[in-house]
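Below: one structure, written as structure tokens.
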Amino acid sequence: MPAAPAAPPPGLLSRPPGRGRAGPGRAAPGRGRAACMTLRRRGEKATISIQEHMAIDVCPGPIRPIKQISDYFPRFPRGLPPDAGPRAAAPPDAPARPAAASAGRRSPSDGARDDDEDVDQLFGAYGASPGPSPGPSPARPPAKPPEDEPDADGYESDDCTALGTLDFSLLYDQENNALHCTISKAKGLKPMDHNGLADPYVKLHLLPGASKANKLRTKTLRNTLNPTWNETLTYYGITNEDMIRKTLRISVCDEDKFRHNEFIGETRVPLKKLKPNHTKTFSICLEKQLPVDKTEDKSLEERGRILISLKYSSQKQGLLVGIVRCAHLAAMDANGYSDPYVKTYLKPDVDKKSKHKTAVKKKTLNPEFNEEFCYEIKHGDLAKKTLEVTVWDYDIGKSNDFIGGVVLGINAKGERLKHWFDCLKNKDKRIERWHTLTNELPGAVLSD
């Protein structure tokens with residue numbers, strides 16, 4: 001008779017060939033199940049070989065996805081979910097539902113996501129004030145959206161964020177009739193070149209009447225989308241009337257050496273928003289190019305401005321006429337500029353000796369002369385005289401072009417008459433005033 005198989009060592013389980021794994025505490029099918037009841041004696045320490053250790057099922061169960069940290073802090077942009085209301089009414093110290101009761105209503109396929117849903121619902125209901133009774137709860141204010149989800153209406157337009165912003169300040173010096181424009185910096189400009197950068201500069205115009213006569217511009221900064229200029233550009237001859245009806249147009253452009261310069265964005269500031277002698281700072285988003293009104297009233301078109309000083313000198317016994325500067329002159333040449341100079345007459349001029357002329361300033365619409373002429377005349381005779389000031393464009397080989405003029409004297413009106421009277425009343429006092437050039441002078445002086 002064959003010998004019976006040897007019994008396994010105490011504390012070890014044998015695995016029949018072809019059958020599944022057996023772990024500690026689980027008996028192999030068949031007769032191994034009865035044998036496992038007598039394997040381990042009380043108080044004995046089981047010893048397991050490496051081969052049997054590898055056969056033990058140590059897998060904790062099905063692999064489940066690892067929770068994200070955001071799963072424990074749910075966000076509800078539109079308030080709590082509808083099913084969180086009843087849970088919120090329960091007091092926080094209420095006993096939890098028995099697991100068996102809830103498990104009886106679940107389907108096996110829902111087991112993998114039940115824990116996720118429970119965590120979300122608990123955190124959604126956490127912090128709600130418990131109701132003292134199951135009666136109707138008082139109305140709660142509507143839930144506010146999270147701070148990290150701002151209202152869409154609070155943002156600027158896409159054009160603003162795409163074109164960039166410009167920081168600048170404006171100051172109107174009323175005493176000197178000057179408008180100072182300080183261009184500080186720009187941020188986040190739109191890329192215009194192939195390298196993803198730009199070569200930006202800023203130019204200014206006064207509207208209505210934008211032209212080369214009133215254009216100012218900064219220097220160009222290379223390869224940057226966040227340029228810093230810190231430049232001050234000044235308009236001279238700005239009167240109180242200009243501050244009421246004119247608008248400053250500020251444009252940011254990209255300079256190209258081999259092509260036309262490209263427009264990036266612009267902004268416009270009505271000068272009536274400024275207070276005299278008070279600096280106002282702006283930080284404005286650039287906008288797309290706005291159309292310029294081509295149908296402006298032609299009566300508003302000007303020939304330029306001139307700054308004249310008058311003084312009757314008791315020491316020299318004469319009238320001192322100073323031609324300080326001109327601004328925003330009309331362009332008379334094909335290149336968009338002029339070659340201006342100024343002539344003065346004190347009329348009536350019987351001997352024709354009252355003509356004085358300044359030097360010619362080449363290729364400019366904002367010339368500075370700073371020249372002074374003296375007319376020997378008694379103070380009492382000035383009331384009978386008229387001062388004519390004319391501005392001309394110098395041309396070689398042909399007649400000079402008349403740009404504009406102004407008449408000061410007893411027959412003048414407005415600021416021109418007031419300037420003349422102030423000079424007569426205040427001997428030995430130099431009085432400067434800006435005057436608008438017109439083309440309404442007598443025909444006798446319209447030829448040079």
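Position 1 is the first residue of the sequence; numbering continues from there.
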side-chain hydrogen bond (donor to acceptor under 3.5 Å, both in side chains) partners of residues 178-198, not counting sequence neighbours, each pair once
H180-T234, T182-T232, N195-N223

Option from L437, L329, T390 for which side-chain contact (heavy atoms from CB on, under 4.5 Å) with I306 holds:
L437

For Y236, is the NZ or CZ atom of R305 found under 6.0 angstrom from the centre of its six-membered ring and inside 45 degrees of the ring axis?
no

Under a 4.0 Å N-O cut-off, is there an ion pair linking D333 with K363?
no

D167-S283 side chain donor-acceptor pair, cut-off 3.5 Å:
yes

Salt bridge E255-R217, side-chain N to carboxylate O under 4.0 Å:
yes

Using only heavy-atom distances, determine whether the side chains of E432 and S309 contain a donor-acceptor pair under 3.5 Å.
no

From CD1 (I183) to OH (Y201), nearest 0.5 Å
13.5 Å

From Q317 atom CD to I377 atom CD1, the distance as rounded to the nearest 0.5 Å:
11.0 Å

Could you tell me whether H356 and Y375 have their ring centroids closer than 6.0 angstrom?
yes

Any chance you could measure L408, atom CG, to C423, atom SG, to the nearest 0.5 Å?
9.5 Å

Stepwise side-chain hydrogen bond (donor to acceptor under 3.5 Å, both in side chains) check, Y341 with N400
CA-CA 10 Å; Y341 67 94; N400 297 332; 2.9 Å; yes

Could you list the donor-acceptor pairs under 3.5 angstrom formed by side chains in residues 273-282, with sequence neighbours left out?
from	atom 1	to	atom 2	distance (Å)
N277	OD1	Q174	N	3.3

Test: R249 and E266 ion pair at under 4.0 Å
yes

Does any part of the side chain of T267, heavy atoms only, come nearer than 4.5 Å to the side chain of F168, both counted from C-beta?
yes

Polar contact flag, side-chain donor to acceptor under 3.5 angstrom, Y235-D242:
no

Does the Lys NZ or Arg CZ of K343 fall within the cation-pi geometry relative to W392 - under 6.0 Å from the ring centre and within 45° of the axis?
yes

Where is the tightest heavy-atom contact between L189 and P200, given as atom of each residue plus distance?
CD1-CB, 3.7 Å

D199-T220 side chain donor-acceptor pair, cut-off 3.5 Å
no

Does a donor on one side chain sit under 3.5 Å from an acceptor on the other, for T247 and R268?
no

Check this for me: does any side-chain nitrogen of one of K246 and E241 sit under 4.0 Å from a carboxylate oxygen of the other?
no

In Å and rounded to the nearest 0.5 Å, what is the CD to OG1 distance from E372 to T344?
11.0 Å

Tell me, please, whether F421 has K418 positioned over its six-membered ring: NZ or CZ under 6.0 Å from the ring centre and within 45 degrees of its axis?
no

Verify salt bridge (charged side-chain N to carboxylate O under 4.0 Å, His left out) between K316 and E376, making sure each step is shown before the conclusion.
CA-CA 7 Å; K316 296 182 178 181; E376 295 183 1; over 6 Å; no

